[in-house]
There are 2 protein chains.
Amino acid sequence: MPRQQRRPPAARVEERHRGARGQILNAAWQLAAERGLTGWSLSELGAAVGMRAPSLYVYFASKDAIYDELFAQGCRDLLGVLRQVIAQGTTPAERFREGSRAFVEFAVAHPARLQLLFLRVIPSFIPSEGSYALAIEITQLLTDNLRQLGVTDDAAADLWTATLTGLATQQVSNEPGGRRWARLVDRASAAFLATTTQAHSPTPEE
Amino acid sequence: MPRQQRRPPAARVEERHRGARGQILNAAWQLAAERGLTGWSLSELGAAVGMRAPSLYVYFASKDAIYDELFAQGCRDLLGVLRQVIAQGTTPAERFREGSRAFVEFAVAHPARLQLLFLRVIPSFIPSEGSYALAIEITQLLTDNLRQLGVTDDAAADLWTATLTGLATQQVSNEPGGRRWARLVDRASAAFLATTTQAHSPTPEE
DNA sequence: GTCTATAAATGGATAGAC
DNA sequence: GTCTATCCATTTATAGAC
């Protein structure tokens, strides 16, 4: 029987491992916020957590693997925010309005997350299957929300995601830190609901 | 008096120079379309026009200078398309609808132009004053278009640019080559006009 | 105006000592 | 698990021959 009494318990090791991974991801978010999603290197990331670049490979297989974990984490963050906000709403309309507002606020507060999750900014990076499934959950949440309002039209849901990401993107791209577009989300929600739910003469598609 | 009878006329030289610059920019657009806006290097660009990388510096001061020229060119392209489409419209409403459609079609057909003009994808690149002025002209054109419809609200114009870029961005990011979001532009135009022009109970801003 | 050569730096990633 | 050292590819950019 191999001796293993002096080896620390595997659970402890894994816990520390996860802790370090978390630190690295936090530092990556910070660098992405400061210099853009692609504006940092592995050596800079290592320095940010008191490591050299090669040590990062103990925790991640590649830089794209880090992006993939950031992608998944960003999805979970947004899902958490949206679920919380939606849970607080008392009516479907309120849930819709507050959910939409939360989406834009999240994206504007975290431009790097917006770029990573909803824009194709990194040519080499494609999210893994598991990470992408989380992104689907976000739009799913939005679609369910609309269904509760009686909006079962998939096209309407698509138009709404486009509007929300559009507002956030314009805000972040043209006036970072401002509110020029972000403040329009309530107005957009109201207009969207007005044209989608009430007596709608279905516009003929092209 | 210095002899200069054997030197080719300056006009000829400049003409060739401009021709080469044009070739380089065309090749850059093609590379950007194939591999993403940032997915190519100067040596690849040089090879595409039968040059080595250093020779490109005869025509452009830096890679960012190339991006700046691409930015300006993209603006002029889009302005040309929009002006032509708008000129063909017979009523303000038709000009609005067709202009909106043309905007999205342009962006979907040229994702790299969309990224360069409306998204902040390259951390290091900031358009020059002259190039940015062209970008302003685009939104100006849109604003004027709306004014002809009696929409003088700046916020409405902002909401509309966000919607258009949002549709294009979602299309390009999530389903490149498809029509899922692009086909919604007419529906969005109609909804926007319905809520903005007709008896509008002004939604209170937050 | 184009080239070779090269600078000067940086990138991501691996090997192996400790 | 972290390091040094290093690989190898690649980058933008410059100098100088032709």
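The analysis underlying the following values was restricted to heavy atoms, covering all of them including side chains, and did not include hydrogens, waters or symmetry mates. Convention: sequence-line order gives letters A, B, ...; per-chain numbering from 1.
Between A:Q170 atom CD and B:L159 atom CG the span is 10.5 Å, to the nearest 0.5 Å. Going from atom CD of B:E137 over to atom OG1 of B:T143 covers 12.0 Å, rounded to the nearest 0.5 Å. Rounded to the nearest 0.5 angstrom, A:F118 CZ and A:T139 OG1 are separated by 8.0 Å. If you take OG1 on B:T91 and CD on B:Q148, they are separated by 10.0 Å, rounding to the nearest 0.5 Å.
The CD1-C1' distance, from A:I122 to C:dG11, rounds to 15 Å in whole Å. Atom CD in A:E44 sits roughly 13 Å away from atom C1' in C:dA9 (whole-Å rounding).
Between the side chain of A:Q115 and the backbone N or O of A:I122, no donor-acceptor pair lies under 3.5 Å. Side-chain atoms of B:R95 come within 3.5 Å of backbone N or O of B:G89 as a donor-acceptor pair.
Against DNA chain D, the stretch residues 36-43 of chain B makes heavy-atom approaches under 4.0 Å through B:S41, B:L42, B:S43. Residues of residues 54-74 of chain A having a heavy atom closer than 4.0 Å to DNA chain D, listed by number: A:P54, A:S55, A:V58, A:Y59.
For the pair B:D68 and B:K63, the salt-bridge criterion is not met [side-chain N within less than 4.0 Å of a carboxylate O]. Between A:E69 and A:R76, at least one side-chain N (NZ, or NE/NH1/NH2) sits under 4.0 Å from a carboxylate O, which counts as a salt bridge. Taking 4.0 Å as the cut-off between side-chain N and carboxylate O, A:D77 and A:R113 count as a salt-bridged pair. Residues A:R21 and A:E14 are not paired through a salt bridge, judged by the lack of any N-O separation under 4.0 Å between the basic side chain and the carboxylate. The pair B:D153-A:R187 meets the salt-bridge criterion, since a charged nitrogen lies less than 4.0 angstrom from a carboxylate oxygen.
Within 4.0 Å (heavy atoms only), B:G50 reaches sugar-phosphate atoms of the nucleic acid but no base atom.
Note that the first and last nucleotides of DNA chain D, 5' to 3', having any atom under 4.0 angstrom from a heavy atom of chain A are D:dG1 to D:dA5.
Defining each end axis of the helix from C:dG1-D:dC18 to C:dC18-D:dG1 as the rotation carrying four pairs' C1' atoms onto the next four, with five pairs an end, the two axes are found to diverge by 10° to 10 degrees.
Every residue two or more places apart in sequence or in another chain was checked for a side chain to side chain donor-acceptor pair (under 3.5 Å) with A:T169, and none qualifies.
Residue pairs meeting the ring pair (Phe, Tyr, Trp, His ring centres under 6.0 Å) criterion with at least one member in residues 134-166 of chain A, sequence neighbours excluded: A:F96-A:W160, A:W160-A:F192.
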